[in-house]
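Just so it is clear, the model here is predicted, and its values are computed rather than measured.
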Amino acid sequence: MKILISNATLIDGTGADRRAADVLLDGPVITAVAEAGSLTASGADRTIEASGLVLSPGFIDMHAHSDLQLLLNRDHYAKLSQGVTTELLGQDGLSYAPVDDTTLAGVREKIAGWNDNPADFDWNWRTVREYLDRLDEPQNDGRIATNAAYLVPQGTVRALVMGFEAGDPTPEQQQRMQDVVRTAMEEGAVGMSSGLTYTPGMYAQTEELAGLCRTVGELGGFYAPHHRSYGKGALDAYAEMIGLSRDTGCALHLSHATMNFAENKGRAGELLDLIDEALDAGVDITLDTYPYLPGATTLSAVLPSWASSGGTEATLARLADPETREKIRESVEIYGSDGCHGVVAEWDTLEISGVQNPALSGYVGKTIKDIAVERQQEPFDVFAQILHEDRLGTGILQHVGHEENVQAIMQHSTHTGGSDGLLVGAKPHPRAWGTFPRYLGHYSRDLGLLSLEETVHHLTGRPAARLKLHRRGLIREGYAADIVLFDPETVRDQATFENPRQAATGIHYVFVNGVAAIDGGQPTGARAGRALRRSSDGLTREESTTNP
C-alpha cells in the first residue's frame, strides 16, 4: 500500500533544521522525500494531510524490558502510544537467552518482578537465535508490535556456565563464557549487557568482564553495563566501565546513566567531565537516560550479593535463619549493601510497585516504612517478610534521583533515550508509558533544554548509529518506514505515579515497517515489528530478504 504524507514538518533524525516536506511510503520503505506539495501525483492509495504535525523517525528505546511482554501482551500499547518503533532488549545482564533448562528456571524467578513469570507460557527457545526466531514468528496474523534488537546478558551467561553462586571462573569457564557470548552475537545479538548490582553478574571481577568485552569488541558490538554503583562510589564505578572500554577496544553504552542518592546530588558534572576526557582520548562512549527521578527494580536487589548467591531457594533459606538474617540486616541498615549501591537502605524511599503474591496486593503504593508503621514492626522485618511471602518477586520504585542531574546528563552530546520501563505490576513506573513524549513535551517544548531537532536526534538517529541499524533511524529514501507523526504543541506524557498506565497525548500516527500501528491517535492492532539481528557485515537488520 502506498501512503502519501503531505505537508508535514519534517525532522529527519540527523539534528538538521526542520523543513516542510511530503513523504511517500511504499509498503515497508520510504520511497520519496520531497518538497511539500510536490508529490500530489504520486499514485498513493491513501493520503494523510499532516499540516501542523511533525514527521520524525520512530523512537528507539535504548533500554527496554519488553523481553517477555512483547510475546505476552502483543498489542504493546505502552510503547506504540509513545511513538516507539524499536526497542533494545536483554538489559541489565539478565534475560532469557542463552539458557539451559536449569538456568532458565532460575532467571525466570529472578526477574519475575521485571517481566512476570507465567507458568502456562511456552518457553520453547534456549539460544539467542531461537529467541529472535520466536519474536519473528507470526501469531494471529501479526508479529511483534515493535522492532527489537537484543543484548546477550552477561549474568545469564555466567549462570549458564557457573551457576548462580559467587566465585571466580576457572580459565576453562572463562573461555566457555567467551565462546557463549561469541555464539550469541553470531546468532544476532548486537552487544552485551551486565547488571553489576544484580547476582550473579555482580560476582564478575574486572578481568572477567574484560575477556567478554574483548569478544564483543572483536565482533563490532558494544557493552551496555548497569555498573556497580549509582550511589556510593558511583564515579569509581563509571571509571571502571570506561577503563574496560579503553583497554579492550569495545564500544561502551552506559545504561540509565545517572547519579543518585544524597551523596551524588548536583554531581552530574563530574560524571560528564569523566566521559568527555575519555571521548577526547578516543574511547567510543554513548549513554541513555530516562527523564524521571525515581528508579525501578526488585525489592530483592537491595540484598547484599552474598545473601543472594545460589538463587531463590538459597536466598530464602538465609532470610529464614536468625543468625544469617541478622548479618543481612547489618549489611542493609548499617554498612550499606552492595545490592543497594553501597548505600544504607532508606525505607521511606522504597515503594512497592508490584507483587507476585495476590495476598500482598494491599502493599502496592506504600513504602516499606509505611507498612512498618501500619504493622508496628521494624522496617527490616517487613522487608524480609515481604521477600519471603513473595518469593523475591516484588517490584519497587526507589525514590533517590535529583532533577539537576537528570537535566545535565540529558543535554550531553552522547545522550540517547531509554525508558527502562517495567510493564508489569499494579503500579509500575510511569516511564514505561511516558518517557518519549516527556522528552518532547516537558523537557524540549516546556523547559527548552534541547531544541526539538536535537531531541528527535537523541531519540532516533543517534541510537540508530549506536545499534548500527541498516537503513533505519532517519527519514531518507530507501530507509525503513518506521515513522511517527506528532503535534509539537500538544505532545505530552499523561502517565503519573498514581495512574501510570496512561497513553500520551499528541501522538497521531505511528508506522512500523510501513504499517499503521497508531492511526489518528487510535491503536489499530496491527503488529509489524521484526527482530533486528547483527549480521556478518556488522550491520543490524531483519533477517528477511525483503529488508529495505
Side-chain angles (χ1 to χ4, degrees), residues 11 13 54-71 73-91 135 142-150 256 288-292 416-423 428-441 444 455-464 466-467 469 472-475 480-486 491-495 500-519 521-532 540:
I11 298 181
V54 167
L55 187 156
S56 83
F59 306 132
I60 299 173
D61 190 342
M62 286 294 285
H63 195 103
H65 287 282
S66 306
D67 308 42
L68 195 56
Q69 292 302 306
L70 272 169
L71 298 170
N73 297 303
R74 298 176 63 85
D75 66 333
H76 210 46
Y77 188 48
K79 295 299 181 70
L80 290 174
S81 63
Q82 297 181 63
V84 171
T85 59
T86 297
E87 301 180 83
L88 181 59
L89 313 178
Q91 300 286 352
L135 294 181
R143 298 179 183 270
I144 51 175
T146 63
N147 303 308
Y150 189 73
H256 38 52
D288 67 69
T289 70
Y290 49 82
Y292 296 86
T416 66
S419 71
D420 196 13
L422 304 181
L423 299 169
H429 198 301
R431 66 194 184 194
W433 286 77
T435 289
F436 295 88
R438 186 168 176 82
Y439 273 122
L440 298 167
S444 178
T455 304
V456 169
H457 178 52
H458 285 219
L459 305 181
T460 61
R462 186 177 293 162
R466 167 53 81 208
L467 293 171
L469 296 184
R472 291 180 187 270
L474 301 174
I475 302 298
D482 295 336
I483 287 175
V484 178
L485 281 161
F486 64 90
V491 65
R492 184 177 301 278
D493 60 302
Q494 297 294 319
R501 289 187 170 92
Q502 294 295 304
T505 58
I507 306 289
H508 288 237
Y509 297 88
V510 178
F511 290 86
V512 181
N513 294 310
V515 177
I518 303 292
D519 195 332
Q522 299 300 313
T524 67
R527 300 189 301 271
R530 297 301 300 265
L532 303 179
T540 303

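- Atom-to-atom distance recorded for Leu70:CG and Leu89:CG is 6.0 Å, nearest 0.5 angstrom.
- Qualifying side chain to side chain donor-acceptor pair (under 3.5 Å) partners for Gln82, counting only residues two or more places apart in sequence or in other chains: none.
- Phe511 contributes atom CZ, which lies 7.0 Å from atom CG of Leu485 (distance to the nearest 0.5 angstrom).
- Here the straight-line distance linking atom OG1 of Thr540 with atom OH of Tyr150 works out to 15.0 Å at 0.5 Å rounding.
- A search for side chain to side chain contact (heavy atoms under 4.5 Å, CB included) contacts involving Ala432 returns Leu423, not counting sequence neighbours.
- No side-chain heavy atom of His76 sits under 4.5 Å from any side-chain heavy atom of Ile144.
- Residues Trp433 and Gln502 are not in side-chain contact: their nearest non-hydrogen atoms beyond the backbone lie 4.5 Å or more apart.
- The two residues Phe436 and Ser419 make their nearest non-hydrogen contact at CE1-CB, 4.4 Å.
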Worksheet item: Run the side-chain contact (heavy atoms from CB on, under 4.5 Å) check on Leu55 and Ile11 step by step: do they pass?
Response: CA-CA 6 Å; Leu55 187 156; Ile11 298 181; over 6 Å; no
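- Judged as a side chain to side chain contact (heavy atoms under 4.5 Å, CB included), and not counting sequence neighbours, the contacts of Ala464 are Ile60, Leu469.
- Scanning both residues, Val510 and Gly83, for their nearest heavy atoms gives CG2-CA, 3.8 Å.
- Annotation: side chain to side chain donor-acceptor pair (under 3.5 Å) contacts of Arg466 (sequence neighbours excluded): Asp284, Thr286.
- Using a distance-only test at 3.5 Å, with no hydrogens or angles considered, a donor-acceptor pair links the side chain of Asn147 to the main chain of Arg530.
- Cation-pi geometry between Arg431 and Tyr290 is met: under 6.0 angstrom from the ring centre, within 45 degrees of the axis.
- When atom types are taken as modelled, the side chain of Arg143 and the backbone of Leu135 share no donor-acceptor pair closer than 3.5 angstrom.
- For Thr146, the side chain to side chain donor-acceptor pair (under 3.5 Å) partners at least two apart in sequence or on another chain are Glu87.
- Between Leu459 atom CG and Asp288 atom CG the span is 11.0 Å, to the nearest 0.5 Å.
- For Asp67, there are no salt bridge (charged side-chain N to carboxylate O under 4.0 Å, His left out) partners, not counting sequence neighbours.
- Residue pairs meeting the salt bridge (charged side-chain N to carboxylate O under 4.0 Å, His left out) criterion with at least one member in residues 54-64, sequence neighbours excluded: Asp61-Lys79.
- Leu474 pairs by the side chain to side chain contact (heavy atoms under 4.5 Å, CB included) definition with Thr14, Arg476, Tyr479, not counting sequence neighbours.
- One N or O on the side chain of Asn513 and one on the backbone of Ala528 form a donor-acceptor pair closer than 3.5 Å.
- If you take CZ on Arg472 and OG1 on Thr85, they are separated by 8.0 Å, rounding to the nearest 0.5 Å.
- Here the shortest heavy-atom pairing between Pro428 and Pro500 reads O-CB, 3.1 Å.
- Under the 30°/60° scheme for interplanar angles, the aromatic rings of His63 and His65 are found to stand perpendicular.
- Atom CD of Gln522 sits about 11.0 Å away from atom NE2 of His508, to the nearest 0.5 Å.
- Looking at heavy atoms from C-beta onward, Thr435 lies in side-chain contact with Pro291 at the 4.5 angstrom threshold.
- Contact annotation: the side chain of Val512 never approaches that of Arg527 to less than 4.5 Å [non-hydrogen atoms, C-beta and beyond].
- With a 4.5 Å cut-off on side-chain heavy atoms, Val456 and Leu440 count as touching.
- In this structure, Arg462 has no salt bridge (charged side-chain N to carboxylate O under 4.0 Å, His left out) partners at least two apart in sequence or on a different chain.
- Across all non-hydrogen atoms, the minimal contact from Pro57 to Thr460 is O-CG2, 3.5 Å.
- Take His457 and apply the side chain to side chain donor-acceptor pair (under 3.5 Å) test, not counting sequence neighbours, and it matches no residue.
- Between Phe486 and Phe59, the ring planes lie tilted relative to each other; the angle falls in the 30° to 60° range.
- Here Pro523 pairs with Tyr77, Ile518 under the side chain to side chain contact (heavy atoms under 4.5 Å, CB included) rule; sequence neighbours left out.
- Take Tyr439 and apply the ring-ring contact (aromatic ring centres under 6.0 Å, His included) test, not counting sequence neighbours, and it matches His415.
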